[in-house]
Amino acid sequence: QVQFVESGGGSVQPGGSLRLSCSASGFFLDYYAIGWFRQAPGKEREGISCISSSDGSAVYADSVKGRFTISKDNSKNTVYMDINSLKPEDTAVYYCAANLLRRACGSEWRKNEYEYDYWGQGTQVTVSS
């Protein structure tokens, strides 16, 4: 069966860091564009990052650029999101997702959430003092 299992969320103080992980089974994440999304209370789900399997390049939303880093270990079929210098506004449920239609994220990567086929179950990140 196809699974995309997330882990690594938790509660941290402002300025803290976490490593979020998504481990895939039933498909190889290296074949596809892999996105990270988050949904804060009362807000729409938004794309925060995407990594292309075509060339390994990554893109980020302005709100997280310079603080969050996406990476993957193909031997473990796992993608990571290192979230650093955390702020209270980073509090959200974080999701990983695989886009089976493409290998490159593309310039409109934040506008094609509907293309993503496999989703993690979500992991809660809470940033508070």
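Heavy atoms only: backbone and side chains are in, while hydrogens, waters and symmetry mates are out.
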Identify all side-chain donor-acceptor contacts of residues 1-11 below 3.5 Å with residues at least two apart in sequence or on another chain.
residue	atom	partner	partner atom	Å
Glu6	OE2	Cys96	N	3.2
Glu6	OE2	Gly122	N	3.0

Measure across [X] and [Y] and return the closest heavy-atom pair with its distance rounded to 0.1 Å.
X	Y	result
Gln124	Thr126	NE2-OG1, 3.4 Å
Val12	Leu86	CG2-CD1, 3.5 Å
Ala104	Ser52	CA-OG, 3.4 Å
Ser49	Trp109	N-CZ3, 3.5 Å

Side chains of [X] and [Y]: does their closest heavy-atom pair fall under 4.5 Å?
X	Y	value
Gln13	Val127	no
Phe37	Glu113	yes
Phe68	Met81	yes
Tyr80	Ile70	no
Leu18	Asp82	no
Tyr95	Arg45	yes
Arg38	Ser63	yes
Tyr116	Cys50	yes

Quick one: does any side-chain atom of [X] pair with a main-chain N or O of [Y] as donor and acceptor, under 3.5 Å?
X	Y	value
Asn77	Ala24	yes
Asp90	Lys87	yes
Arg103	Tyr32	no
Thr91	Glu89	no
Gln39	Lys43	yes
Asp117	Leu100	yes

[atom1]-[atom2] distance between [X] and [Y], expressed to the nearest 0.5 angstrom:
X	Y	atom1	atom2	value
Ser17	Arg67	OG	CZ	10.0 Å
Ile34	Ser71	CD1	OG	12.5 Å
Leu29	Asp73	CG	CG	9.0 Å

*Give a yes or no on whether a salt bridge exists between Asp62 and Lys65, defined as a side-chain N under 4.0 angstrom from a carboxylate O.*
yes
*Are Ile48 and Tyr60 joined in one hydrophobic group, where the rule is that I, L, V, M, F, W and Y side chains link up if heavy atoms are under 4.5 Å apart?*
yes
